[in-house]
Participant: 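Here it is, the structure in full.
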Amino acid sequence: MIDLKSMSLPEMEEYLRQLGEPRFRAGQVFEWIQSRRAVSFDGMTNLSKGLREKLGSECYIEDLTILTVQESKIDGTRKYLFGLRDGNCVESVFMRYHHGNSVCISTQVGCRMGCRFCASTVDGLERNLTAGEMLDQVMRIEADTGERVSNVVLMGSGEPMDNYDNVLRFLKLISDGKGMNLSQRNLTVSTCGIVPGILKLAEEKLQITLALSLHAADDETRQQLMPVAKRYSIREVLDACSTYFEKTGRRVSYEYSLVAGVNDTEEEAAKLIRLLKGRKGHVNLIPVNPVVERSFRESAPAEVLRFKNQLEKNGINVTIRREMGRDIDGACGQLRRRYRNRTE
Ligand code: SAH
């Protein structure tokens with residue numbers, strides 16, 4: 001079956017041309033799916049019955065099932081577990097901020113990067129998500145909440161650079177003026193630091209934000225937390241981020257999850273300052289969210305504040321990320337694991 005939600009307009013033109021349809025037909029179908037969010041062909045009233053039947057027999061429109069929704073009593077954050085057509089499931093998070101609603105989506109089922117503090121990677125990678133499956137996480141959440149989403153972050157389960165082509169396709173589709181029309185400036189791709197992926201993305205000339213999961217200021221500590229750090233040194237990764245900034249003019253955010261006693265010391269902060277001094281960017285601190293499968297503990301609030309102040313005093317742009325949805329397994333991969341463990 002052909003996956004229409006993942007198709008760009010030119011691809012749809014080509015497909016419909018093969019079916020003997022005029023060119024404008026593709027625009028109509030694209031709009032039905034990407035803008036009017038149709039999930040079946042029946043309602044596509046400006047298409048002939050014959051074409052609707054033909055499409056119905058050859059194609060499908062991605063339409064995720066909501067398996068569970070949990071809402072945080074603290075901040076109203078909603079965490080969704082979506083069922084995919086092959087029986088797999090992925091999670092997404094809906095957050096309300098004063099600047100608008102934000103959705104955090106997954107890019108893969110599972111992950112093979114192996115970060116030591118992360119729940120998504122415990123069972124490795126199951127498969128990549130299609131662009132349509134990424135888009136539909138946002139569409140379903142808008143439909144379920146009845147609210148517009150203005151920001152999308154690719155910070156759920158999975159490594160976006162490990163599913164590069166589908167992620168790029170998603171970024172183009174969601175920012176398409178004839179589709180959901182989200183501003184590229186409100187899209188963030190987070191990576192554990194796959195250098196060739198960062199350099200490739202820099203060449204796409206998109207206006208999206210790149211977030212680098214740094215989590216340590218020296219290679220040895222970073223390697224303890226993130227196996228990918230054995231492949232690419234901090235120096236190489238930060239150089240790639242500089243290239244990203246030069247090519248796109250977009251400042252990079254550096255994610256730093258604080259793990260008690262591992263990367264939250266005064267010494268680590270001093271190293272981080274040396275590393276980032278003079279770079280155009282922004283550090284997001286977040287105490288690591290403890291995951292049952294992992295032994296790491298989060299830094300105490302006072303330590304987080306001390307770390308932040310040390311950076312700030314030395315001229316580094318830094319914010320402590322508000323922790324959203326702590327009471328609902330807010331961290332990547334936690335909900336999916338709980339659900340699977342319960343159903344197995
Ligand atoms: N693979 C990508 C995107 C998904 S993870 C990446 O590595 O950036 C999104 C962010 O959440 C990353 O910064 C990741 O390191 C962080 N993260 C994962 N598990 C976490 C946990 N238990 N506590 C805090 N941050 C976590």
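Not measured: the values here are computed from a predicted model. Read the numbers this way: they start at 1 and go in the same order the structure lists the ligands and their atoms.
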Participant: Just go through Met155, His215, Glu255 and tell me whose heavy atom is the nearest to atom 14 (C) of ligand 1.
Facilitator: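 The option holding the nearest heavy atom is His215.
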
Participant: Which ligand 1 atoms are under 4.0 Å away from a heavy-atom of Cys192?
Facilitator: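 Going through ligand 1 atom by atom, the ones under 4.0 Å from Cys192 are 6 (C), 7 (O), 8 (O).
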
Participant: Please could you name the atoms of ligand 1 that Cys118 approaches to less than 4.0 Å, counting only its heavy atoms?
Facilitator: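 What qualifies from ligand 1 is 18 (C), 19 (N).
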
Participant: How about Asp218 and Thr221: does a side-chain donor come under 3.5 Å of a side-chain acceptor?
Facilitator: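 A pair is found: one side chain offers a donor N or O, the other an acceptor, under 3.5 Å apart.
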
Participant: By number and element, which atoms of ligand 1 are closer than 4.0 Å to a non-hydrogen atom of Gly158?
Facilitator: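 Matching atoms, with element in brackets: 1 (N), 2 (C), 3 (C), 4 (C).
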
Participant: State, yes or no, whether a side-chain contact exists between Leu225 and Asn263 at a heavy-atom distance under 4.5 Å.
Facilitator: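 With C-beta onward as the side chain, the pair touches.
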
Participant: Can a non-hydrogen atom of Pro290 be found less than 4.0 Å from any atom of ligand 1?
Facilitator: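 The answer is no: ligand 1 sits nowhere under 4.0 Å from a heavy atom of Pro290.
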
Participant: Are the side chain of Glu255 and the backbone of Ser190 linked by a donor-acceptor contact shorter than 3.5 Å?
Facilitator: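 Checked: no pair found.
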
Participant: Under 4.0 Å, counting heavy atoms only: does Ile286 come that close to any atom of ligand 1?
Facilitator: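 No; Ile286 lies far enough from ligand 1 that no heavy-atom distance drops under 4.0 Å.
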
Participant: Evaluate the criterion side chain to side chain donor-acceptor pair (under 3.5 Å) for residue pair Glu147 and Asn101; output intermediate values, then yes/no.
Facilitator: CA-CA 8 Å; Glu147 294 180 37; Asn101 295 325; 2.9 Å; yes

Participant: Under a 4.0 angstrom heavy-atom cut-off, which atoms of ligand 1 come close to Val288?
Facilitator: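 Taking each heavy atom of Val288 in turn, ligand 1 has 21 (C), 23 (N), 24 (C) under 4.0 Å.
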
Participant: Between Cys115, Gly156, Ser190, flag the one that comes closest to atom 4 (C) of ligand 1 by a heavy atom.
Facilitator: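 Selected option, by shortest heavy-atom distance: Gly156.
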
Participant: Is it true that Asn186 and Ser150 share a donor-acceptor pair across their side chains at a distance under 3.5 Å?
Facilitator: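 Side-chain D/A pair, Ser150 to Asn186: absent.
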
Participant: Is Lys79 close enough and on-axis enough to Phe94, meaning under 6.0 Å and within 45°, for cation-pi?
Facilitator: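 That pair does not qualify as a cation-pi contact.
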
Participant: Using the benzene-type ring in the case of Trp, are the ring centres of His215 and Phe117 under 6.0 Å apart?
Facilitator: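 Yes, ring centres under 6.0 Å apart.
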
Participant: Considering Ser257, Ala211, Ser120, Ala119 one by one, which has a heavy atom nearer to atom 24 (C) of ligand 1 than any of the others?
Facilitator: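 Residue with the shortest heavy-atom distance to the ligand atom: Ser257.
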
